[in-house]
Colleague: 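I have a structure I would like to understand better, so I am pasting it below and will then ask my questions one at a time.
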Amino acid sequence: LSTFSLGQVQSSIHKGTSQEQVLSTLGAPNIVTNDDHGNETWVYDKISTEGARASSEGGGSLILFGAFSRANAYEATQKTLTVMIKFDNRK
């Protein structure tokens, strides 16, 4: 799937945009369906995961004693964007 953002879709895709222009801008759709009149609907699903790793370290020592600790944390955020584009009989 081509990478795209909500801003790119909103600025590039408008009523009257042709299938060729949509394909050029967003790439191939994930799903193509037809309604009762034979008109196509293209569905684009984009899922992105952003992650961040945080760690902290601490240590201390005495003459005959040593201590060391480490803590790790990982946080992931997942975002989804679903775009449905319906074409008329002129595509």
Side-chain angles (χ1 to χ4, degrees):
L1 176 65
S2 165
T3 57
F4 62 91
S5 66
L6 179 59
Q8 180 185 8
V9 172
Q10 290 176 330
S11 67
S12 303
I13 309 299
H14 304 282
K15 187 174 183 175
T17 303
S18 71
Q19 285 184 338
E20 291 79 18
Q21 291 169 316
V22 172
L23 192 59
S24 174
T25 302
L26 302 180
N30 297 90
I31 300 169
V32 176
T33 61
N34 292 314
D35 66 13
D36 295 338
H37 304 288
N39 297 325
E40 288 186 6
T41 298
W42 291 4
V43 179
Y44 292 85
D45 281 319
K46 177 185 175 187
I47 300 172
S48 64
T49 303
E50 298 174 0
R53 182 175 300 281
S55 67
S56 62
E57 298 179 359
S61 63
L62 297 172
I63 296 174
L64 298 174
F65 174 76
F68 185 80
S69 67
R70 173 180 283 182
N72 287 317
Y74 183 79
E75 182 177 316
T77 303
Q78 193 171 56
K79 298 177 182 180
T80 61
L81 175 60
T82 301
V83 176
M84 295 177 65
I85 301 175
K86 297 183 179 194
F87 296 97
D88 63 14
N89 59 353
R90 296 173 293 156
K91 310 232 182 270

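Here, residue 1 is the first one in the sequence, and each next residue gets the next number. Just so it is clear, the values below take in all heavy atoms, side chains as well, and ignore hydrogens, waters and symmetry mates.
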Colleague: Report the residues that fulfil salt bridge (charged side-chain N to carboxylate O under 4.0 Å, His left out) with Lys91, sequence neighbours left out, ordered by chain and then residue number.
Modeller: none
Colleague: Which residue pairs pass the ring pair (Phe, Tyr, Trp, His ring centres under 6.0 Å) test with at least one member in residues 23-43, sequence neighbours excluded?
Modeller: Trp42-Phe87
Colleague: According to side chain to side chain contact (heavy atoms under 4.5 Å, CB included), who are the partners of Thr33, at least two apart in sequence or on a separate chain?
Modeller: Ile31, Thr41
Colleague: Working to the nearest 0.5 angstrom, can you tell me the gap between Ser12 OG and Gln21 CD?
Modeller: 10.0 Å
Colleague: Would you please name every residue forming a side chain to side chain donor-acceptor pair (under 3.5 Å) with Asn89, sequence neighbours left out?
Modeller: none
Colleague: Kindly write out the residues that satisfy side chain to side chain contact (heavy atoms under 4.5 Å, CB included) with Gln10, not counting sequence neighbours, or none if the list is empty.
Modeller: Leu6
Colleague: Using side chain to side chain contact (heavy atoms under 4.5 Å, CB included) as the criterion, list what pairs up with Ile13, not counting sequence neighbours.
Modeller: Val9, Thr17, Val22, Thr25, Leu26, Ile85
Colleague: Only counting residues at least two apart or in another chain, list the ones meeting side chain to side chain donor-acceptor pair (under 3.5 Å) with Thr82.
Modeller: Asp45
Colleague: Does anything in residues 26-42 form a salt bridge (charged side-chain N to carboxylate O under 4.0 Å, His left out)? List the pairs, not counting sequence neighbours.
Modeller: none
